[in-house]
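Here is the structure we will look at.
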Amino acid sequence: MDKRTLDKAMELDGEIRKIKRMLESKIFYIWNGENGYHNDRGHYTTEEIDAMLREILIAELEWKKKEFAEL
């Protein structure tokens with residue numbers, strides 16, 4: 001495995017772990033860009049948006065896992 005492939009594998013692994021961590025959340029909310037001390041300024045999503053975000057993340061996770069396996 002060359003360095004470029006290894007770098008790509010490390011990047012994909014990090015992205016896969018990040019998506020898995022997001023999917024563990026019970027409720028998604030949209031961060032408003034403020035620092036983390038102002039969580040009350042985040043806007044919680046509706047059930048419909050939450051379901052759509054989960055579908056998108058699951059599809060992205062599967063795509064990244066497939067790409068990782070192809071390396």
Side-chain angles (χ1 to χ4, degrees):
M1 183 179 288
D2 63 355
K3 181 172 176 12
R4 201 167 107 171
T5 305
L6 182 60
D7 288 345
K8 181 66 175 175
M10 294 296 289
E11 179 184 335
L12 284 170
D13 182 58
E15 291 174 8
I16 288 169
R17 283 187 282 130
K18 203 180 303 181
I19 291 171
K20 284 181 178 180
R21 194 169 43 243
M22 282 189 275
L23 286 170
E24 290 173 357
S25 298
K26 291 185 179 185
I27 300 172
F28 287 132
Y29 69 93
I30 300 170
W31 186 49
N32 65 358
E34 296 292 325
N35 64 32
Y37 298 109
H38 298 288
N39 290 335
D40 58 331
R41 294 183 185 169
H43 300 283
Y44 289 94
T45 59
T46 64
E47 290 180 13
E48 293 83 11
I49 293 173
D50 187 87
M52 288 172 37
L53 287 171
R54 287 184 191 281
E55 287 178 23
I56 292 167
L57 285 172
I58 289 168
E60 182 75 10
L61 177 62
E62 293 304 316
W63 178 78
K64 289 191 182 296
K65 283 182 177 179
K66 182 180 176 188
E67 188 177 355
F68 183 82
E70 291 173 355
L71 292 176

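Because the structure is predicted, anything quoted here is derived from the model rather than measured.
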- Message: Nearest 0.5 Å, please: how far is NZ in Lys20 from NZ in Lys64?
- Response: 13.5 Å
- Message: So, taking the atom named CG in Leu71 and the one named CZ in Arg4, what distance separates them when rounded to the nearest 0.5 Å?
- Response: 11.0 Å
- Message: Nearest 0.5 Å, please: how far is CD1 in Ile56 from CD1 in Ile19?
- Response: 11.5 Å
- Measure the CD1-CG distance between Ile58 and Leu53 for me, rounded to the nearest 0.5 Å. 11.0 Å
- Message: Using the rule that Ile, Leu, Val, Met, Phe, Trp and Tyr join whenever any side-chain heavy atoms are under 4.5 Å apart, tell me whether Met52 and Met22 fall into a single cluster.
- Response: no
- Item | Minimal non-hydrogen separation, Ile16 against Phe68, with atom names | CD1-CB, 4.2 Å
- Message: So for atom CD, which belongs to Glu70, do other residues, nucleotides or ligands contribute more than 12 heavy atoms lying within a distance under 6.0 Å?
- Response: yes
- Message: Once rounded to the nearest 0.5 Å, what's the spacing between atom CG of Asp2 and atom NZ of Lys8?
- Response: 13.0 Å
- Message: So, taking the atom named CD in Glu55 and the one named CG in Asp50, what distance separates them when rounded to the nearest 0.5 Å?
- Response: 10.5 Å
